[in-house]
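Atom set for the values below is all heavy atoms of this structure, side chains included, hydrogens, waters and symmetry mates excluded. Each chain gets a letter, A, B and so on, in the order its sequence line appears, and its residues count up from 1. If you're wondering where the values come from, they're calculated on a predicted model, not measured in any experiment.
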Amino acid sequence: MTDLPQRIHPPSSEAELLQRCQLFAGLQLKQIAQMLSFTLPENLKRDKGYVGQLAEHILGANAGNLAQPDFVALDIELKTIPINSQGKVMESTYISMVPLSHEKQCSWRESVVYAKLKRVLWLPIESERTMPLSKRRFGQAILWQPAEPILNALQADYDYILEKIVVGELQSLSASEGKYLQVRPKAANRQALTETVNADGEVVKTLPRGFYLRPAFTQAIIDDWRQNAY
DNA sequence: CTCTGATCATTA
DNA sequence: TAATGATCAGAG
């Protein structure tokens, strides 16, 4: 992201944000790069967050890397989501770090997960694992907010996970737990450690974890949208 | 160092 | 081949 165009001002309304998305919908990354005069990396192997950061930049997201929704004034979180040629979600979606220390642990409504998921602009990126970055396309953005039952299910996952951690059972918490939200490692590497408290109340070092949305969850959002479109 | 943006790579 | 575990780069 070294040669991106100047900073773009944040959209002043939801309508403006959607308008901006519309400008890019259907375009290949190559075309967008040409329009805005920047160069793409060869692939994502060493630049995994490239497309997400690019989308933030060209849409005018302004939260930096703070733990709050990307479009601060609109209170909307932006998530790019890779979709293959068959319309299938290809990856899970990272949401935020799992709070492993007591100071950061809070209720669902106060959580970063809730703050981000209560309103999300999903930006599908039409991709294939083997497709060059330049040929991947921005799809139609979906402004989404979880319906009540979904919100309740997300909270149930969150509460369940936090409870396990609070009682010191992080070690027995596996990625298969959680209906929609799962917990997986989120670190630079296997050696990156942070602190948590074990079942005996002792402070111990552990791998940092993140909350991720399962692909089946985001797939349902995409599918619902397609069904209701037009 | 921690958290953001995520996808890569290996296992089951 | 889907799910789990591991990893990469940039910002602050």
- Take A/Lys45 and A/Lys88, find for each the nucleotide of DNA chain C with the closest heavy atom, and name the residue whose nucleotide sits nearer the 5' end.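 In this pair, the answer is A/Lys88.
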Next item on the list: For salt bridge (charged side-chain N to carboxylate O under 4.0 Å, His left out), just list the numbers for A/Arg119 and A/Glu14, CA-CA rounded to whole Å, side-chain angles, deciding distance to a tenth of an Å, and then say yes or no.
Entry: CA-CA 11 Å; A/Arg119 202 156 166 68; A/Glu14 197 177 293; 2.3 Å; yes
Would you say [X] and [Y] make side-chain contact, with heavy atoms under 4.5 Å?
| X | Y | answer |
| --- | --- | --- |
| A/Thr218 | A/Lys79 | no |
| A/Phe211 | A/Val112 | no |
| A/Leu181 | A/Tyr160 | no |
| A/Phe71 | A/Leu59 | yes |
| A/Asn198 | A/Gln171 | no |
| A/Ile95 | A/Tyr212 | no |

Whole-Å gap separating [atom2] ([N]) and [atom1] ([X]):
| X | N | atom1 | atom2 | result |
| --- | --- | --- | --- | --- |
| A/Gln53 | C/dA11 | CD | P | 8 Å |
| A/Leu207 | B/dT2 | CG | C1' | 14 Å |
| A/Met90 | B/dT7 | CE | P | 8 Å |
| A/Leu100 | B/dC3 | CG | P | 9 Å |
| A/Leu54 | C/dA11 | CG | P | 14 Å |
| A/Asn189 | B/dT7 | CG | P | 20 Å |
| A/Gln219 | C/dA2 | CD | C1' | 13 Å |
| A/Asn84 | B/dT7 | CG | C1' | 15 Å |

>> From the set B/dC3, B/dC8, B/dT4, return the single nucleotide nearest to any side-chain atom of A/Tyr94.
In response: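 Nearest to the side-chain atoms of A/Tyr94, counting from C-beta on, is B/dT4.
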So what does A/Pro82 touch, heavy atoms closer than 4.0 Å: a base, only the sugar-phosphate, or nothing?
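It contacts sugar-phosphate atoms only.
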Requested in this report: Looking at every strand, decide which applies to A/Thr80 at a 4.0 Å heavy-atom threshold: base, sugar-phosphate, or nothing.
Outcome: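 The residue A/Thr80 makes sugar-phosphate contact but no base contact.
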Note to self: Below the 4.0 Å mark, does B/dT4 have OP1 or OP2 next to a side-chain nitrogen or oxygen of A/Lys48?
What the structure shows: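 So the side chain of A/Lys48 is outside the cut-off, no N or O lying under 4.0 Å from OP1 or OP2 of B/dT4.
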| said: Students often mix this up, so state it plainly: with edges at 30° and 60°, are the rings of A/Tyr180 and A/Phe217 parallel, tilted or perpendicular? | reply: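 The arrangement is tilted - the two ring planes meet at 30° to 60°.
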- Message: Can you classify the ring geometry of A/Tyr50 versus A/Phe38 as parallel (below 30°), tilted (30 to 60°) or perpendicular (above 60°)?
- Response: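 Ring orientation of A/Tyr50 relative to A/Phe38: tilted.
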Let's see if you get this right: which residues in residues 173-188 of chain A place a heavy atom under 4.0 Å from DNA chain B?
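Output list: A/Arg184, A/Lys186.
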query = Which of residues 70-79 of chain A sit near DNA chain B, with a heavy atom under 4.0 Å from it?
reply =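 Correct list: A/Asp70, A/Glu77, A/Lys79.
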- Task: Spell out, as yes or no, whether a donor-acceptor pair under 3.5 Å connects the side chain of A/Thr196 to the backbone of A/Leu100.
- Result: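 Yes, because the side chain of A/Thr196 sits within donor-acceptor range (under 3.5 Å) of the backbone of A/Leu100.
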Give a yes or no on whether the backbone of A/Gln86 and the side-chain of A/Asn84 come within a donor-acceptor separation of less than 3.5 Å.
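Pair found, side chain donor or acceptor close to backbone of A/Gln86.
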**Message:** Can you tell me whether the side chain of A/Tyr212 and the base of C/dA3 have a donor-acceptor pair closer than 3.5 Å?
**Reply:**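 Answer is no: no donor-acceptor pair is held.
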Between protein and nucleotides 10-12 of chain B, what N or O pairs are separated by less than 3.5 Å?
none

field: CD (A/Glu177) with more than 12 external heavy atoms under 6.0 Å
entry: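 Counting neighbours around CD of A/Glu177, more than 12 heavy atoms of other residues, nucleotides or ligands fall under 6.0 Å, so yes.
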